[in-house]
Amino acid sequence: MTIKEQLEALLEPLLEDGNCFLVDIIIKPSKVSQKVSILIDSDEGITIQQCTSISRRLAKQLEELEVFADAYTLEVSSPGLDQPLLLLRQYQKNLGRSLKVTLKTGEVISGTLIEASEEIVKLQLPAPKKKTKTPIDPAELIRDIPFDDISKALIEISFK
């Protein structure tokens with residue numbers, strides 16, 4: 001069993017308590033110690049208190065089970081706005097928000113997330129800024145993107 005798998009197994013009961021879900025586990029080795037970053041979230045958003053509680057309980061288990069032989073730093077947090085969406089549950093949580101989606105082809109599409117399923121992500125594209133002579137069919141401004149075609153999706157922050 002890998003360290004990542006051990007961490008997932010230890011986290012499962014801790015996350016269920018607060019209706020949270022695991023987004024990612026990132027383990028970065030360094031010269032002095034390993035940095036273990038656990039990214040968690042919930043459908044309602046995650047609080048600092050929830051992160052702290054999970055961190056303390058996980059750290060206690062890691063010490064008891066001696067999972068890490070060398071020094072390590074444990075960080076439990078929510079994925080920041082600079083982190084890409086990885087899970088369907090994250091897309092569903094962010095319905096109505098603006099996304100910048102990079103496809104595996106390199107094409108970049110920005111729009112409002114209006115639907116997310118296991119197969120597709122549906123974006124409402126912005127109306128063109130230039131007036132056109134012919135009216136635009138609203139259906140033309142909706143783009144279905146197969147989930148498998150997405151390389152990276154980031155929430156776009158608006159300061160309007």
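Numbering of residues begins at 1 and proceeds along the displayed sequence.
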Undergrad: For atom NZ of Lys100, decide whether the heavy atoms of other residues, nucleotides or ligands shown that lie under 6.0 angstrom number more than 12.
TA: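 Counting neighbours around NZ of Lys100, 12 or fewer heavy atoms of other residues, nucleotides or ligands fall under 6.0 Å, so no.
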Undergrad: Tell me if a side-chain donor or acceptor on Glu16 pairs with a main-chain N or O of Pro13 at a distance below 3.5 Å.
TA: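 Not a single qualifying donor-acceptor pair exists.
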Undergrad: Linking Ile, Leu, Val, Met, Phe, Trp and Tyr by side-chain heavy atoms under 4.5 Å, what else ends up with Leu65?
TA: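 For the cluster that includes Leu65, the remaining residues are Ile3, Leu7, Leu10, Leu11, Leu14, Leu15, Leu22, Ile25, Ile27, Val36, Ile38, Ile40, Ile46, Ile54, Leu58, Leu62, Val67, Phe68, Tyr72, Leu74, Val76.
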Undergrad: Can you check whether Asp82 reaches Leu154 side chain to side chain, under 4.5 Å on heavy atoms?
TA: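 No, too far: nothing below the 4.5 Å cut-off.
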Undergrad: As an exercise, state the distance from CD of Glu119 to CD1 of Ile145, rounded to the nearest 0.5 Å.
TA: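 Here the rounded value is 14.5 Å.
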Undergrad: Taking only residues two or more places apart in sequence or in another chain, which ones pass side-chain contact (heavy atoms from CB on, under 4.5 Å) with Asp144?
TA: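 Here the qualifying residues are Ile120, Lys122, Ile142.
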Undergrad: If I compare all heavy atoms of Ser110 with all of Pro126, which pair ends up nearest, and what's the gap?
TA: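 Closest approach of Ser110 to Pro126: O-CD, 3.5 Å.
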Undergrad: Enter the distance from Lys4:NZ to Glu8:CD here, rounded to the nearest 0.5 Å.
TA: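 CD of Glu8 is found 7.5 Å from NZ of Lys4.
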Undergrad: Are Ser30 and Lys35 side-chain neighbours, meaning at least one heavy-atom pair lies under 4.5 Å?
TA: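 No - every pair of side-chain heavy atoms lies 4.5 Å or more apart.
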Undergrad: Please check: side-chain N/O of Thr52 versus main-chain N/O of Ile48, any donor-acceptor pairing under 3.5 Å?
TA: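 Checked: pair present.
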Undergrad: Hey, could you give me the CG/CD distance between Leu81 and Glu156, rounded to the nearest 0.5 Å?
TA: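 So the CG of Leu81 and the CD of Glu156 are separated by 11.5 Å.
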Undergrad: Thr102: which residues meet the side-chain contact (heavy atoms from CB on, under 4.5 Å) condition with it, sequence neighbours left out?
TA: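 Per chain and number, Thr102 pairs via side-chain contact (heavy atoms from CB on, under 4.5 Å) with Val108, Lys152.
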Undergrad: Specify the closest pair of heavy atoms between Leu113 and Tyr91, including all atoms of both residues, with the distance to one decimal.
TA: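 Taking Leu113 first and Tyr91 second, the nearest heavy atoms are CD2-O, 3.1 Å.
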Undergrad: Quick one: do Leu95 and Leu85 end up in the same hydrophobic cluster if we chain Ile, Leu, Val, Met, Phe, Trp and Tyr together by side-chain heavy atoms under 4.5 Å apart?
TA: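 Same hydrophobic cluster.
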Undergrad: Testing the basics here: between Gly45 and Gln50, what is the closest heavy-atom pair and its distance to 0.1 Å?
TA: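 Where Gly45 meets Gln50 most closely, the heavy atoms are O-OE1, 4.0 Å.
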Undergrad: Check Ser33 against Ala71 and note the closest heavy-atom contact, atom names and distance.
TA: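 Looking at all heavy atoms of both residues, the closest pair is CB-O, 3.2 Å.
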Undergrad: Salt bridge check, Arg57 against Glu63: does any charged N sit closer than 4.0 Å to a carboxylate O?
TA: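 No.
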Undergrad: From Gln124 CD over to Ser98 OG, what is the distance, rounded to the nearest 0.5 angstrom?
TA: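 So the gap between those two atoms works out to 11.0 Å.
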Undergrad: Can you tell if the side chain of Asp41 reaches within under 4.5 Å of the side chain of Lys93, non-hydrogen atoms only?
TA: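 When only atoms from C-beta onward are counted, Lys93 and Asp41 do touch, with a gap below 4.5 Å.
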Undergrad: Decide yes or no for Val121 and Glu115: does some side-chain heavy atom of the first lie under 4.5 Å from some side-chain heavy atom of the second?
TA: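 A side-chain contact under 4.5 Å is absent here.
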Undergrad: How long is the span from the CG atom in Asn94 to the CG atom in Leu99, to the nearest 0.5 Å?
TA: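 The CG atom of Leu99 is 7.0 Å from CG of Asn94, to the nearest 0.5 Å.
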Undergrad: Is the shortest side-chain heavy-atom distance between Leu123 and Ile114 below 4.5 Å?
TA: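 No, every pair of side-chain atoms sits at 4.5 Å or beyond.
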Undergrad: Answer whether the closest heavy-atom distance between the side chains of Glu118 and Leu88 falls below 4.5 Å.
TA: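 Contact flag for Glu118/Leu88 side chains = yes.
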Undergrad: Shortest non-hydrogen contact from Cys51 to Ser77?
TA: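 That would be SG-CA, 3.8 Å.
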Undergrad: Does any non-hydrogen side-chain atom of Gln90 lie less than 4.5 Å from one of Pro79?
TA: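 Yes - at least one pair of side-chain heavy atoms lies under 4.5 Å apart.
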Undergrad: Within the distance-only criterion (no hydrogens, no angle test), does the side chain of Glu12 pair as donor or acceptor with the backbone N or O of Ala9 below 3.5 angstrom?
TA: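 It does not hold such a pair.
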Undergrad: Side chains of Leu103 and Ile109: closer than 4.5 Å at any heavy-atom pair?
TA: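 Yes, at least one pair of side-chain atoms sits under 4.5 Å.
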Undergrad: Taking atom CD of Glu66 as the centre, does the number of heavy atoms from other residues, nucleotides or ligands within less than 6.0 Å exceed 12?
TA: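 Check fails, neighbour count at 12 or below.
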Undergrad: About how many Å separate CD of Glu75 and NZ of Lys28, when rounded to the nearest 0.5 Å?
TA: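 Answer for the NZ-CD pair, Lys28 versus Glu75, is 9.0 Å.
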Undergrad: Measure across Leu39 and Ile26 and return the closest heavy-atom pair with its distance rounded to 0.1 Å.
TA: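 Looking at all heavy atoms of both residues, the shortest contact is CD1-CD1, 4.1 Å.
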